[in-house]
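Data block below; observations after.
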Amino acid sequence: MTTTNGQRCFIIAPVIWNSYKNKSPRYNDQLLAAFAVLSGFFIFIGYKFRESSNNDSKPASGTGNGGRKMNLADMLSYADIGQLSRIATTYHCECNGNSKNDLIQSILSTVNRRDVFEAQIGGMKLEDLRFINSLLFDARDAFSLEELVARVQQSKFGVSSVESESVSSEQVISHKTAQKKSTKRMKATKEKQIPETGPRETIARFKQYGWLFNGFAGHNRYLFQVPTDLKERFKATMERRFVSQVTYADGEPDAYRDEQLLMGDDVLQLLHYIQHNEIPLTSDGVMYRRNILQILDLFGVKEQLPARGEWRFGYGRRIKDYPNRLALLYDYCYFKGWIEETSRFLTLTALGKERQTHRIPEQPDKIYQFWIRLYRGPIPNIKSIVHWIDKLSQHWVNAETLTLALTPYIKPFYYDQPETIIEQRLIGMMMHLGILRIGEHNEQRQVIRMTPMGKSIVAGLSIDDDTIILNS
């Protein structure tokens, strides 16, 4: 016969009581103490057992049932009938609203229709497309409410006040202040606003579409997840939209530039030069022009020094002092702990000297991973943009049309406009990393295409989400 933890306590209690009546007071005290400890132990085990059972019975938003990822059908089965009714109403499903099974079957049959799904995507605002795009390529499966609110807020840029939704009370205050300073004509336009909604309303709307589900994952963690199969359908639908906006070249370009593996070799060249030369530093810790030019002469790729007074900020620790490619290599070595800036000179650390004894070029995927994390500060959705460049550049594609297709999804960074970001910070650096080729076509002018190495690196890496910030 199976007994519970509480029953075990009551079975043992009479045994201890009989011993208690027939023994000395001292022995009785020991028995009472033992009884108290034993009772507490069984109560603790029972509590933990119930807590584990409750957690197992609740579908974790990030991991699904039993730690697996969940598709739309799985999440609908865990949803309550109220949420199912709201989703069914959104899609105008005709079914028995009191039957959970009928609701689920009706929702699945409607959502799985390609025309219905693409019509929903086609009717979405640009900021909603940015929001869902930010979730598709995140390595994590689950997001907290605070994270989703931040994603919604980050997706609202470059839209007029009439089209956009207010996202916070601070923005409303700043908006009213801006209104007072605007012209009368602008005042009249801004007064005709649609009812304001915030990030939480946006999240609620996505829940009504059946694109976001919430649940529990672990102790007191309330998380949200996009169904795995819907993620893939979102990617396929958006890829078709992007492909329709770009132009592909017929045949090969007349010439193209390919820098595969060169950056890994130049890591060795930079460390070798620092190891065998005395490199004085300015009061700001920057190499002098002569040393910079000597290093650039050793590299497989030549770069021009930044123009005096040029705006350069946010893309690494030394981006303001050195050319883009050299700055990335320098910051990479600094981040690895291979180089050290003393009060007077730039030298190799013990780790750097040990690294040089192996004389092995740095792996390109490691530098790519560092670049993604370093540039993620000024370009928060860099992973999704790189993914779309990869998908759209499987063949030679016109660079201008690709830029026009992707710039609506790139937020300006201070003086860097979306066109500059995609051309210089993304496409240009992807070429330096060896994952992209840039060519000149007689008809399509500048064209780009992913390299075989680039395809495997972008497809095969699980990038750490942490942004790298290198302090000066």
Side-chain angles (χ1 to χ4, degrees), residues 61-64 68-75 111-112 114 116-157 199 202-203 205-214 223-246 369 372-373 375-376 379-394 402 405-411 418 422 426 430 450 455 457-467:
S61 175
T63 57
R68 63 181 176 85
K69 295 183 178 180
M70 299 172 70
N71 291 327
L72 176 61
D74 301 318
M75 293 191 176
V111 174
N112 287 334
R114 178 169 170 176
V116 173
F117 191 79
E118 294 200 352
Q120 288 290 111
I121 300 295
M124 292 174 67
K125 295 180 180 180
L126 178 57
E127 55 261 40
D128 287 344
L129 287 173
R130 292 169 181 158
F131 169 59
I132 195 65
N133 188 61
S134 72
L135 303 178
L136 297 181
F137 305 100
D138 200 298
R140 297 170 301 165
D141 294 319
F143 306 90
S144 67
L145 177 60
E146 293 74 19
E147 288 173 320
L148 292 182
V149 167
R151 297 287 179 100
V152 174
Q153 292 174 333
Q154 289 176 354
S155 301
K156 296 178 183 295
F157 59 88
T202 300
I203 294 167
R205 188 171 69 253
F206 272 70
K207 287 181 63 178
Q208 290 181 0
Y209 291 152
W211 298 345
L212 271 179
F213 288 83
N214 55 273
L223 303 176
F224 291 79
Q225 184 183 12
V226 181
T228 303
D229 54 345
L230 286 190
K231 270 190 176 184
E232 298 308 314
R233 293 184 65 188
F234 275 121
K235 291 177 184 178
T237 301
M238 294 192 70
E239 183 175 350
R240 286 191 291 270
R241 287 167 58 95
F242 285 134
V243 168
S244 68
Q245 299 173 38
V246 300
Q369 195 172 135
I372 287 285
R373 295 174 64 189
Y375 276 43
R376 190 172 181 267
I379 315 172
N381 61 337
I382 185 172
K383 284 192 290 185
S384 65
I385 299 299
V386 168
H387 171 89
W388 291 125
I389 293 175
D390 172 42
K391 288 296 182 183
L392 299 175
S393 306
Q394 298 294 309
L402 182 139
L406 295 180
T407 46
Y409 295 85
I410 299 177
K411 185 177 182 179
I422 195 168
L426 295 175
M430 289 172 73
M450 293 292 289
K455 294 177 186 177
I457 287 178
V458 173
L461 279 179
S462 177
I463 304 298
D464 193 326
D465 273 334
D466 294 336
T467 303

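Treat the numbers as computed from the prediction; the structure is a model and nothing was measured.
- Under a 3.5 Å cut-off, the side chain of E147 and the backbone N or O of S144 do form a donor-acceptor pair.
- To the nearest 0.5 Å, atoms OG (S155) and CG (L135) are separated by 8.0 Å.
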Inset, instruction - I would like to know whether K411 and I379 meet side-chain contact (heavy atoms from CB on, under 4.5 Å); could you show each step before the answer? - result: CA-CA 7 Å; K411 185 177 182 179; I379 315 172; over 6 Å; no
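- Here N214 contributes atom CG and L145 contributes atom CG; the two are 9.5 Å apart, rounded to the nearest 0.5 Å.
- Heavy-atom minimum distance, V111 versus F117: O-CB, 3.9 Å.
- Put simply, the side chain of Q394 gets close to the backbone of D390: a donor and an acceptor are under 3.5 Å apart.
- Legend: residues meeting side-chain contact (heavy atoms from CB on, under 4.5 Å) with D229, ordered by chain and number and at least two apart, are N71, L72, P227.
- Listed by chain and residue number, R114, R240 satisfy the salt bridge (charged side-chain N to carboxylate O under 4.0 Å, His left out) test with E118 (two or more places apart in sequence, or in another chain).
- Between V226 and D141 the shortest side-chain heavy-atom distance does not fall below 4.5 Å.
- Nearest heavy-atom pair, K231 versus R140, reported as atom, atom and distance to 0.1 Å: NZ-O, 3.9 Å.
- Partners of P380 under the side-chain contact (heavy atoms from CB on, under 4.5 Å) rule, at least two apart in sequence or in another chain, are Q154.
- Residues I132 and I121 have side chains not in contact (no heavy-atom distance under 4.5 Å, counting atoms from C-beta outward).
- In this structure, R241 has no salt bridge (charged side-chain N to carboxylate O under 4.0 Å, His left out) partners at least two apart in sequence or on a different chain.
- In this structure, F242 CZ and T237 OG1 are separated by 11.5 Å, a value rounded to the nearest 0.5 Å.
- Aromatic rings from F131 and F206 are positioned such that their centres are separated by under 6.0 Å.
- Using a 4.5 Å cut-off on side-chain heavy atoms (C-beta onward), L223 and F143 make no contact.
- Aromatic ring centroids of Y409 and W388 lie 6.0 Å or more apart.
- Between L129 and K125, every side-chain heavy-atom pair lies at or beyond the 4.5 Å cut-off.
- The minimum heavy-atom distance between I389 and M450, with the atom names listed, is O-CG, 4.3 Å.
- Interatomic distance, CG of L136 versus NZ of K383, reported as 12.0 Å (0.5 Å rounding).
- Contact between Q153 and P199 at its shortest, heavy atoms only, is CG-CG, 3.9 Å.
- Residues passing the side-chain contact (heavy atoms from CB on, under 4.5 Å) test with S384 are N133, F137, N381, sequence neighbours excluded.
- The CZ atom of F213 sits 9.5 Å away from atom NZ of K207, with the distance rounded to the nearest 0.5 Å.
- For the side-chain contact (heavy atoms from CB on, under 4.5 Å) test, residues two or more places apart in sequence or in another chain that qualify with E232 are K235.
- The CZ atom of R151 lies 14.5 Å from the OG1 atom of T202; values are rounded to the nearest 0.5 Å.
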